Amino acid sequence: MKARKYNPHQIEQKWQNIWPKEWESYKLQPGEEKYYCLDMWSYPSSDGLHTGHWRPYTIADAWARYQTLKGKKVLHPVGFDAFGLPAENAAIKNKTHPADYTKTSIANFTRQLHELGAMYDWSTHSVSSSPDYYRWTQWLFLQLYNNDLAYRKSALVNWCPKDQTVLANEQVIGGRCERCGTEVNKKELKQWFFKITDFAEDLLNFDGLTWPERVKTLQRAWIGKSEGAEIDFPITESNEKIKVFTTRPDTLMGVTYLVLAPEHPFVKLITSESQKNIVTAYQEQALKESEIERLTENRKKTGVFTGAYAKHPLTDKDIPIWVADYVLGTYGTGAVMGVPAHDSRDFIFARDYKLPIAYVISPPEGVVNDDAPYLEPGTMINSDDFNDQTNEAGGKAIVEALEKKGSGKWTVQYRLRDWLVSRQRYWGAPIPIIYCEKCGEQAVPESDLPVLLPTDVEFMPTGGSPLDRHPTFKHTSCPNCGGSATRETDTLDTFVDSSWYFLRYTDPKNDKEPFSKEQVEKWLPVDFYVGGVEHAILHLLYARFVTKALQRLNYVSFHEPFKQFYGNGIVYLHGSKMSKSKGNIVNPDDIVKRHGTDALRGYILFMGPGDQDVEWQENGILGVRRFMDKSWQIFHNVEIDSNNETVRPPIEKAYQAISDLLPHLYFNRCISTLMTAANELQDVRLNKHEAEILAIILSPFMPHLAEEVWSILGHSTSIFDAQWPVIEVAAEKTVIYAIQVNGKLRGTLEADREADESKIINESKRLLHAKSQLDENNIIKTIFVAGRIVNFVVK
RNA sequence: GCCGAGGUGGUGGAACGGUAUACACGAAGGACUUAAAAUCCUUUGCCCAAAAGGCUUGCGGGUUCAAAUCCCGCCCUCGGUACCA
């Protein structure tokens, strides 16, 4: 075989055209072992992909190909999350229709994904904005609606003034819109919600899932479970009770005031005549304040007295009721008991407003310092019957006493709020609800789905729902009474689309149902999911919720969608995350042109551990390219007709190492291993058997090169129809001992693997003696580790 | 503050408690060439002219025959998060 120069371009195009584009891999045959390998639904944009985007795709593809070689039937689907704000905003900016924008973006993405040479099954292809997909998104909405998991209510919600729509809590990052970074404000609006809070407890459970700690922690923090007590404080001169939530019922005897959030409904009810003006002014001012101002660190606490009092549930003492915005209307009961002696916030507030501070827990030793709140455990004091026990026992006793009186109980609070899913925007799935004056809210019958999104809509955002302005969309008849009725004109959050797409992939052409139970049960849960950790509390939480909801409704039997989640690290360039808007991106097209897809894939894997952030090194790609040139030469120096089955040590070693490393996803170390082997094999003439092994262990990372070599070696079928080789690697005959004195390396000794301990120790002594580095009389102890080390401990 | 991930050469990074710095980039020198690119060879953690030797995995302790790795106490960087009662 005469070595041509390695021409990646030619080879890669060849195989990208030959590799099947549609082979309906979701049709699992009896006896086949499934493996569902998924990368996150692409959000197509006209900007195209940069090398940072390639990272998860490359990881997923290497992994999918490896699983294939291990004999699994791999489902590795592809599709596009095309609905949503970014597409709509980009379309507006480019003065085009979102549908047209989406079409060109998808075409562009499709081309780039082909260039990646990934093992995608294009027959699974689904697009969230196509009616045969969103029909089932609407179906999903109806299932939730019909089972009390979707509802409409009026609430104070997040409003993005730039995008002119409401947002879910998860889409507000630090008081700003997740998409455009604009400060959000609060508006009282009637909106649609999904009851994710029903699953708060289930969502905390990650048993059996291989997920990175950081992602689990983020979700747990977002769900924010805290255990404590709900305690009633009856309002004097009213029949109402103020409910407070506290994690510290043990401090109940130290309550010196109560605080209501400014938006608490009781404020109006209880405020005394004389305080009315002050309180109303305070409420107005508090509501005006933006989330960002309110979140400012170390902000001065403000508040006003309502003029009203409540009775302490155990002592009946009058407790003044205040309004202060350090209490949030959206958490707990929107009211707290003020215990300045044992809570830092209450302490500051009480000091500033001259409210009494009553210590009810003292340190186990010494006396309490009254310049500061005491937050540690201790002994109950000043608490009547509850004195002299630990605060833990005291807390239990207090709740027991409250329970007896019917004015308190143990309870659990979550920070998680229901998921707001309606949007006042055009480019999304219409919410399938009809309002009839006679019959009220009506679900669109499933047989009438999809509720089509009209194309002739004036979609510039103005704050109202664009569909509302359409001449005909809105008008329909009531499915119940047949009378004239109107449609809901809000559309669904795009995260609803992406919260179930992995189910659709198992049955992408089904036009009777979103997926057949049989298909979904065959493939799910997803075995391996790769994507960015920035989705930790958006997509990943929503997808888990939807799966759990569908399980409750009996559409699926599993309760988690993603068995293993691999959060790929971010690629940085010049110290910040690659992004088109910042202008610091590396275009993969250029690199592919110069060095080929395989070199780029190889470098992406070689850069560093795939789950860690890494800085892009412009020249790093050269090392991989040189390795590929070298490999090309090695593969062209093969005894093609030989029946020799001996496997040389460099190949054995590489095979062994990669077989050990790859299951742990140590891609970077696999590439290093291959490089080492190539360096050792440069001048060697391989036999055919060796070349085949080498090609297979290289193929997950550089599939085009491996496939080409495989065909040159005389195979007419794909290398990915082959199996990961199983070879017995014989242990080497000799081993190298490190000879140490007091743990410091003093020399090395090559010895027979089978040589016995005393022989090796003697040889070691002789060696060190010759170098005058050991006085045998001083040896106190000799450590011998077979095959590794001899360590002489000397005086 | 709290939670998570990190801290190893000039750079990206390797290292079941057992020869720290593999692999690669970059740099220096050389070969080939009229020349350059490409390629190949050599060197490349620090100190010392070199050898010998010593030092070295953010800092300080500890455990161990032996620590980048385990334990304790700090420092720094990145990411997340926060009046959550």
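These figures come from a predicted structure and were not determined experimentally. Reminder, nothing fancy here: chain letters follow the sequence lines and each chain counts from 1.
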Contact under 4.0 Å: [X] side-chain N or O vs [N] OP1/OP2:
X         : N       : answer
Thr217(A) : rG80(B) : no
Arg626(A) : rG26(B) : yes
Lys781(A) : rA66(B) : no
Tyr331(A) : rA85(B) : yes
Arg214(A) : rU81(B) : no
Asn679(A) : rA22(B) : no

Taking the side chain from [X] and the backbone from [Y], do they hold a donor-acceptor pair closer than 3.5 Å?
X         : Y         : value
Tyr331(A) : Gln413(A) : no
Asn568(A) : Arg55(A)  : no
Tyr737(A) : Ala751(A) : no
Asp611(A) : Tyr566(A) : no
Asn637(A) : Val684(A) : yes
His53(A)  : His50(A)  : yes

Looking at every strand, decide which applies to [X] at a 4.0 Å heavy-atom threshold: base, sugar-phosphate, or nothing.
X         : answer
Thr246(A) : sugar-phosphate
Leu218(A) : sugar-phosphate
Pro609(A) : sugar-phosphate
Asp611(A) : nothing
Phe606(A) : base
Asn668(A) : sugar-phosphate
Arg220(A) : nothing
Arg625(A) : nothing
Lys301(A) : base
Val793(A) : sugar-phosphate
Gln740(A) : base

[atom1] spacing across the pair [N] / [M], given as an integer number of angstrom:
N       : M       : atom1 : answer
rA85(B) : rC74(B) : C1'   : 32 Å
rA52(B) : rA15(B) : P     : 29 Å
rG45(B) : rC23(B) : P     : 12 Å
rC48(B) : rC55(B) : C1'   : 12 Å
rG26(B) : rG12(B) : P     : 15 Å
rA28(B) : rG10(B) : C1'   : 13 Å
rA31(B) : rC16(B) : C1'   : 43 Å
rA68(B) : rU33(B) : P     : 49 Å

Both Ile736(A) and Lys630(A) contact RNA chain B. Which one's nearest nucleotide lies toward the 5' end?
Ile736(A)
Let me spell it out: for each of Ile671(A) and Asn742(A), pick the nucleotide of RNA chain B with the closest heavy atom. Which residue's pick is nearer the 5' end?
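Looking at the nearest nucleotide for each, Ile671(A) comes out on the 5' side.
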Assess the side chains of [X] and [Y]: does a donor N or O sit below 3.5 Å from an acceptor N or O?
X         : Y         : answer
Glu170(A) : Trp419(A) : no
Ser631(A) : Tyr6(A)   : no
Tyr666(A) : Asp660(A) : no

May I have the distance from [X] (atom [atom1]) to [N] (atom [atom2]), rounded to whole angstrom?
X         : N       : atom1 : atom2 : result
Ile223(A) : rU81(B) : CD1   : C1'   : 15 Å
Tyr666(A) : rG12(B) : OH    : P     : 21 Å
Gln612(A) : rC78(B) : CD    : P     : 16 Å
Arg415(A) : rG80(B) : CZ    : P     : 15 Å
Leu328(A) : rA85(B) : CG    : C1'   : 9 Å
Lys5(A)   : rU39(B) : NZ    : P     : 8 Å
Asp343(A) : rG1(B)  : CG    : P     : 19 Å
Arg594(A) : rA38(B) : CZ    : P     : 13 Å

Are any of the side-chain nitrogens in Glu213(A) or Lys216(A) under 4.0 Å away from the carboxylate oxygens of its partner?
yes
Sidechain N-carboxylate O distance under 4.0 Å for Arg625(A), Asp629(A)
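Salt bridge: yes.
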Among [options], the nucleotide that comes nearest once only the side chain of [X] is considered:
X         : options                   : value
Ile783(A) : rC65(B), rA24(B), rG4(B)  : rC65(B)
Tyr326(A) : rC23(B), rC83(B), rU19(B) : rC83(B)
Ile173(A) : rG12(B), rA15(B), rU81(B) : rU81(B)
Gln682(A) : rG12(B), rC41(B), rC83(B) : rC41(B)
Thr676(A) : rG12(B), rC23(B), rU19(B) : rC23(B)
Ile789(A) : rA85(B), rG18(B), rC83(B) : rG18(B)

Should stems be defined as at least three consecutive Watson-Crick or G-U pairs with both distances under 3.5 angstrom, which of them involve RNA chain B?
B:1-7 with B:75-81, B:10-12 with B:23-25, B:26-31 with B:39-44, B:45-47 with B:53-55, B:58-62 with B:70-74
Taking syn as within 90° of 0 and anti otherwise, name the glycosidic form of rG9(B).
syn
Is Asn791(A) side chain donor-acceptor paired with the rC65(B) base, going by distance under 3.5 Å alone?
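By the distance-only test, yes, there is a pair.
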